[in-house]
> 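Starting off with a structure, shown below.
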Protein chains: 2
Amino acid sequence: MNRRSALKSKENIKKAALEAFSKYGYNGASMRMIAHEAGISVGGLYLYFKNKEELCLFLIKEKLNEFSKNAQIIFENVEDPIEAISRYINMSIEYAKRHREFIITQTRDQGFTFGMDIKREFFEDQKKLIKNIIQQGIDKGLFRPLDAFEVTKVIMGVIRGYILSFVMDPDNVFDAEYCCELILKGLLKENP
Amino acid sequence: MNRRSALKSKENIKKAALEAFSKYGYNGASMRMIAHEAGISVGGLYLYFKNKEELCLFLIKEKLNEFSKNAQIIFENVEDPIEAISRYINMSIEYAKRHREFIITQTRDQGFTFGMDIKREFFEDQKKLIKNIIQQGIDKGLFRPLDAFEVTKVIMGVIRGYILSFVMDPDNVFDAEYCCELILKGLLKENP
DNA sequence: AGTTCACATGAACAGACGTTCAGCACTTAA
DNA sequence: TTAAGTGCTGAACGTCTGTTCATGTGAACT
């Protein structure tokens, strides 16, 4: 039963840890539990990750980087601000759907305060990207002359809200299309 | 040091528990910690609450009821759908500001899955209230003919997003006014 | 003074936790 | 055949957890 590939083991641990953290939160998930699910011994975990904290931070970093790459691709390749915002919202929502487990991790336990520095940096970067697009839209006369920074915060809020909705009630989550529609055109019929 | 009022003790426990759950999450907050902060012994806690779970659920119920009452007052007293939606969004955000600690509790640990039944019921109720207002707005020709249910979900998403933003980054949270503005009028200049 | 009773204590218990480490199993190289 | 080295094991350690319970305290009654 020995001499399995170390790479495979690490992959198993990552997968098991993600699932455990997702299901039970940081404190709720135990190293024993993760080890068992990864098909490895408790001690084995410590061959690949210094401790529980490092294991959790590793997963967070990995996922944030994945998302950032997706966002970069959109903003590099799409010129039209309206299209870019739509694509970003859609991408975020799709990403949330695909990586629900990761997102759940972030809404529990130490989840959110854990690795706060990394996350803050991540959100700051995202904020800059969106604000930039919004400002472009305003400058081009496509968007109403709102405060780009405030709008950015609201839009990021909406996306975060989607994530929370998903966690609360995964079968009854709002449509990405409607989300874009509402943000772009608003609720009111008359546009003064 | 004895013979203090039981009412006062329970109040102290509630306050200490709320703070502890807020700071450290459900698993992270210990009964010892809560007892110490409440100025009571560990055993004393169990005179007022059956166990940790019940203590936490009690706090959740209390806050949800508070919020529900606020919402009811708005929807009972405001006729105009536009006004009602604005007031609801503002009230939610104000409530979040005032009860930040409670909200933080909900984003951690077991926080969200904890007492899921109560919360789901709460959110269902809120959803119905909002959907009702949106539908009225559509029927009266004030809002664009969107799917009221989908719009409701987005709006609730925005509010939840605000809450998350608040937890992530309390000093840099978006303005309630802008939130209403964006939801009502949208981002686009031209309204087709 | 004696009894009652609500309020309160904190040591003790059983179990779970993260982490460590002496040692095993197997492959590879000498 | 031996030695080195990698991958891994799981009992053991110390610490913390939620919960219990025999015991205490003092005000309010008879």
Side-chain angles (χ1 to χ4, degrees), chain A residues 1-61 105 108-111 113-115, chain B residues 1-61 105 108-116:
Chain A
M1 253 239 254
N2 210 343
R3 185 94 322 219
R4 96 190 53 171
S5 135
L7 234 108
K8 178 103 184 172
S9 280
K10 186 159 186 174
E11 212 54 47
N12 286 343
I13 292 169
K14 277 163 56 181
K15 207 179 145 194
L18 192 64
E19 211 177 299
F21 285 134
S22 301
K23 250 190 195 147
Y24 307 104
Y26 181 76
N27 284 317
S30 76
M31 292 301 263
R32 265 164 261 263
M33 182 191 285
I34 293 167
H36 182 260
E37 215 59 39
I40 205 174
S41 67
V42 212
L45 294 180
Y46 290 84
L47 296 173
Y48 298 95
F49 298 95
K50 211 181 83 193
N51 52 34
K52 194 184 183 184
E53 189 173 331
E54 209 190 51
L55 169 55
C56 189
L57 280 175
F58 182 88
L59 296 173
I60 291 169
K61 278 185 199 163
T105 314
R108 300 219 198 187
D109 213 41
Q110 253 79 337
T113 32
F114 208 83
Chain B
M1 252 242 254
N2 209 344
R3 184 92 329 214
R4 95 189 55 172
S5 135
L7 236 106
K8 179 102 187 177
S9 281
K10 188 160 184 174
E11 213 53 49
N12 286 343
I13 292 169
K14 276 163 57 179
K15 206 180 145 196
L18 192 63
E19 210 177 300
F21 285 135
S22 301
K23 250 191 196 146
Y24 308 105
Y26 181 75
N27 284 317
S30 76
M31 293 301 263
R32 262 165 263 263
M33 182 189 288
I34 293 167
H36 182 262
E37 216 58 38
I40 206 175
S41 66
V42 213
L45 294 180
Y46 290 85
L47 295 174
Y48 299 94
F49 298 95
K50 214 182 79 194
N51 51 35
K52 193 183 182 183
E53 189 173 331
E54 210 190 49
L55 170 54
C56 188
L57 280 175
F58 182 88
L59 296 174
I60 292 169
K61 277 184 199 164
T105 315
R108 300 222 198 183
D109 212 43
Q110 252 79 335
F112 245 127
T113 33
F114 208 83
M116 198 59 142

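A quick note: this is a predicted structure, and the numbers were derived from the prediction, not measured. Just so we're on the same page: letters track the sequence lines, and every chain starts at 1.
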> Got a second to check how far A/I60's CD1 is from A/L18's CG, nearest 0.5 Å?
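Rounded to the nearest 0.5 Å, the CD1-CG separation comes to 10.0 Å.
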> Could you pull out all donor-acceptor pairs under 3.5 Å where a side-chain atom in residues 50-58 of chain B meets a protein atom, sequence neighbours excluded?
unit_1, atom_1, unit_2, atom_2, d
B/N51, OD1, B/E53, N, 3.3
B/N51, OD1, B/E54, N, 2.9
B/K52, NZ, B/Y26, O, 2.7
B/K52, NZ, B/A29, O, 2.8
B/E54, OE1, B/K50, N, 2.9

> What pairs of donor and acceptor atoms, side-chain ones from residues 30-42 of chain A against any protein atom, are under 3.5 angstrom apart with sequence neighbours left out?
unit_1, atom_1, unit_2, atom_2, d
A/S30, OG, A/M33, N, 3.0
A/S41, OG, A/G44, N, 3.2

> Between atom NZ in A/K8 and atom P in D/dC8, what is the gap in whole Å?
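It works out to 12 Å between those atoms.
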> Taking NZ from A/K10 and C1' from D/dC8, how many angstroms apart are they, rounded to a whole number?
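Atom-to-atom, A/K10 to D/dC8, this comes out as 16 Å.
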> Please enumerate all residues that pass salt bridge (Lys or Arg N to Asp or Glu O under 4.0 Å) together with B/K14, with sequence neighbours excluded.
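B/E11, B/E62.
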> In dot-bracket notation, what is the pairing pattern of DNA chain C, taking Watson-Crick (N1-N3 plus N6-O4 or O6-N4) and G-U wobble (N1-O2 and O6-N3) contacts under 3.5 Å, with [ ] crossing and | for other strands?
..||||||||||||||||||||||||||||
> Going from CD1 on A/I13 to CG on A/L59, what distance comes out if it is rounded to the nearest 0.5 angstrom?
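Rounded to the nearest 0.5 Å, the CD1-CG separation comes out at 10.5 Å.
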> Using whole Å, what does the distance between atom P of nucleotide D/dT23 and atom CG of B/L47 come to?
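After rounding, the reported distance stands at 18 Å.
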> Between P on C/dT19 and CZ on A/F49, what's the gap in Å once rounded to a whole number?
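In whole Å, C/dT19 P lies 13 Å from A/F49 CZ.
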> Check the distance between C/dG10's P and B/H36's NE2 and give it to me in whole angstrom.
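Going from B/H36 (NE2) to C/dG10 (P), I get 11 Å.
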> D/dC8 phosphate, OP1 or OP2: any side-chain N/O from A/S9 under 4.0 angstrom?
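Yes.
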> Report, as a single string ordered 5' to 3', how protein heavy atoms within less than 4.0 Å touch nucleotides 12-20 of chain D: B base, S sugar-phosphate only, - not at all.
B----BBBB
